Amino acid sequence: MAIKIYNTLTRSKEDFNPGNQPQVTFYVCGPTVYDFIHIGNARVFIIFDVIRRYLQHRGFDVTLVQNYTDIDDKMINRANEQGITVPELAARFIEAYEQDVAALKVRPADLKPRATEHIEQIIELIEKLLAKGYAYISEGDVYYDTSCYADYGKLSQQKQDELLAGARVEPGEKKHSPLDFALWKQKKVGEPFWESPWGEGRPGWHIECSAMSTHYMNDTLDIHAGGADLIFPHHENEIAQTWGADGRPLARYWMHAGYLNLESQKMSKSLGNVRTVRELLVQHDPLDLRFLILSAHYRSPLNFSTELVAQSGAGRQRLQGMIDNLLVALKGAAAQQGEGEEKLQANLKEAQERFVNAMDDDFNTADALGVIFDLARNCNIYLKESHPYHQKLLGEVLQFYRDFNAIFEVLEISEKQELEKEISALITRRDEARATKDWATSDRIRDDLSARGIVLEDTPHGTRWKHKE
RNA sequence: GGCGACAUAGCCAAGUGGUAAGGCAGAGGACUGCAAAUCCUUCAUCCCCGGUUCAAAUCCGGGUGUCGCCUCCA
């Protein structure tokens with residue numbers, strides 16, 4: 001069965017058929033590196049990280065490209081405010097971005113091109129557009145002539161006259177139409193600039209993605225993705241440029257992540273209601289943040305609050321606890337089959353199918369997590385009722401969770417260290433005390449260990465311990 | 001003003017025609033020396049009003065509400 005992807009271009013779910021199977025070219029619009037990223041930005045990167053990993057899990061050979069926008073108005077203004085150069089600003093926030101995103105377990109893209117390193121390709125693209133008459137020069141600037149492209153507005157489902165009706169008209173515009181957009185901006189005093197056939201200047205914002213994706217992929221992308229606020233005008237403009245220059249669609253599938261809201265309002269740098277990843281990481285486990293983001297479907301709006309992080313953290317802890325117990329149980333598991341394992345075997349098989357079905361259906365991570373919780377409960381029942389455990393079965397369950405975690409990465413699955421001798425000895429002493437109903441001693445030992453971050457759990461099959469979360 | 005999305009329990013959230021996944025929180029219970037962890041039970045007729053249908057949370061029409069885009073924004 002094919003993976004289904006909701007394509008913004010057609011507003012419907014379509015079977016995923018990459019152009020050159022099993023290769024998949026995947027372009028995600030990256031950050032403008034003028035500030036720390038906020039949790040809303042992070043949602044996009046986390047979601048597409050999971051989608052990338054899932055495609056790999058399903059056997060696709062994915063090449064992920066994510067750009068850095070390191071030259072534009074915001075970059076120039078911020079650099080001026082801080083009294084540093086634009087390259088200095090970019091270097092600083094590219095580093096910050098990579099740190100933040102790494103903390104959130106987002107894997108780096110295969111290619112991370114920067115706009116300023118592709119001025120040559122950008123100029124070539126603009127020359128093509130000028131040669132074909134799809135662009136015009138106006139007082140040193142170069143603009144794309146949107147009236148040349150009949151489908152302009154298709155992605156955002158707006159007609160050109162409707163867009164015109166709502167367009168803001170600036171006095172002294174150099175554009176012929178308010179819908180036209182800059183491909184090249186003439187330099188102003190004190191601004192960074194590059195030489196071009198039209199004089200010194202710098203690229204407009206939208207042109208870099210078209211130029212770089214063409215440069216690296218050299219063909220229509222399989223997936224082009226970004227936040228929903230890029231639909232218009234950014235992606236609309238990219239489509240127009242690539243169509244104008246090469247007469248081909250930029251991408252087959254357009255994917256857009258829903259907004260992350262703070263108190264039901266869009267979080268955005270311009271509204272000033274931002275919570276940076278950096279700030280949130282101080283008080284939250286990055287895996288909790290990841291878990292919260294994946295608990296909703298990627299296209300739905302998602303509210304963010306400390307309470308919600310705590311809620312999803314509590315659920316995540318339950319999964320983590322099951323995994324910890326599973327790892328312990330596996331150590332003492334037997335080679336032979338045991339009682340009551342048919343049920344878990346059936347649960348596992350069902351979970352495997354449901355998980356793939358959920359993810360195949362436009363990456364329904366919320367549904368998939370439901371499957372994960374279902375199996376966790378069934379596994380807990382088995383661990384409670386079916387001693388001795390069957391090694392092979394537990395191994396299969398663990399493998400399923402490892403596969404899941406290779407995509408979602410919301411759990412820590414690693415073999416625990418051997419019981420340290422000291423802890424082992426303390427547990428033995430406590431057991432002796434308990435045997436003589438010396439509760440004062442047994443509680444003291446437990447409290448001491450608790451103070452050191454070790455939690456004891458008494459089970460019918462002995463006492464086990466784990467590190468406190 | 002134009003365009004669009006959404007509206008499911010205290011909270012979060014799946015579910016596009018056949019009588020409501022999952023999680024958090026709460027209540028009761030089991031287990032425990034007490035805990036912790038875990039398990040069991042319990043907690044929704046799906047914003048409102050009409051319509052189509054044997055059958056609708058799911059389709060259609062009309063409301064109401066929230067949010068977004070039309071301007072930089074993930």
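Sequence lines set the chain letters: A, B, ... in the order given, protein chains first and strands last, and positions in each chain run from 1. Everything numeric here is computed off the predicted structure, so don't read it as measured data.
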Original post:
Just checking, A:R299 and A:Y6: is the charged tip under 6.0 Å from the six-membered ring centre and within 45° of the axis?
Top reply: yes
Original post:
Should A:S300 be listed as having a side-chain N or O under 4.0 Å from OP1 or OP2 of B:rC67?
Top reply: no
Original post:
Does A:D443 make a side-chain donor-acceptor contact with the base of B:rG33, cut-off 3.5 Å?
Top reply: yes
Original post:
When we call it a touch if two heavy atoms are under 4.0 Å apart, what does A:N380 touch: a base, just sugar-phosphate, or nothing?
Top reply: sugar-phosphate
**OP:** Could you work out the separation of B:rG2 and B:rA9 based on their P atoms and round it to a whole Å?
**Re:** 31 Å
Original post:
Reckon A:G321 touches a base, only the sugar-phosphate, or nothing at all at heavy-atom distances under 4.0 Å?
Top reply: nothing
Original post:
Looking at A:N364, does any N or O in its side chain come under 4.0 Å of the phosphate oxygens OP1/OP2 on B:rA14?
Top reply: no
**OP:** Tell me whether the OP1 or OP2 atom of B:rU32 has a side-chain N or O from A:R434 closer than 4.0 Å.
**Re:** no
Original post:
Using a cut-off of 4.0 Å on non-hydrogen atoms, how would the nucleic acid contact of A:S156 be classed: base, sugar-phosphate, or nothing?
Top reply: nothing
Original post:
Between A:E162 (CD) and B:rG2 (C1'), how many Å, whole number?
Top reply: 6 Å
Original post:
Between A:D161 and A:K159, is the closest basic N to carboxylate O distance under 4.0 Å?
Top reply: no
Original post:
When we call it a touch if two heavy atoms are under 4.0 Å apart, what does A:I37 touch: a base, just sugar-phosphate, or nothing?
Top reply: nothing
Original post:
Looking at the rings of A:H118 and A:Y216, which for Trp means the six-membered one, are their centres under 6.0 Å apart?
Top reply: yes
Subject >> Nucleotide nearest A:I381 (side chain, heavy atoms from C-beta), chosen from B:rC69, B:rG23, B:rC39 >> reply: B:rC39
**OP:** Just call it for A:L260: base, sugar-phosphate, or nothing, with non-hydrogen atoms closer than 4.0 Å on any strand.
**Re:** base
Original post:
Hey, is A:W439 stacking on B:rG33? Ring centres under 5.5 Å, planes under 30°.
Top reply: yes
Subject >> N or O in side chain of A:K266 less than 4.0 angstrom from B:rC69 OP1/OP2 >> reply: yes
**OP:** Look at the aromatic rings of A:H235 and A:H256 and report parallel, tilted or perpendicular, splitting at 30° and 60°.
**Re:** tilted
Original post:
Parallel, tilted or perpendicular: which fits the ring planes of A:Y152 and A:F181, with parallel below 30° and perpendicular above 60°?
Top reply: parallel
Original post:
Given that A:Y6 and A:Y259 both sit by RNA chain B, which one's nearest nucleotide is further toward the 5' end?
Top reply: A:Y6
Original post:
Hey, does A:Q157 reach any base, or is it just sugar-phosphate, or nothing, if we go heavy atoms under 4.0 Å?
Top reply: sugar-phosphate
Original post:
How do A:A310 and A:K13 order along RNA chain B: which one's closest nucleotide is nearer the 5' end?
Top reply: A:K13
**OP:** Would you tell me if any nitrogen or oxygen in the side chain of A:R377 comes within less than 4.0 Å of OP1 or OP2 on B:rU38?
**Re:** no
**OP:** Answer yes or no: does a side-chain N or O of A:R318 lie under 4.0 Å from OP1 or OP2 of B:rC39?
**Re:** yes
Subject >> Nearest-nucleotide pick for A:Q311, side chain only, options being B:rA36, B:rC12, B:rA21 >> reply: B:rC12
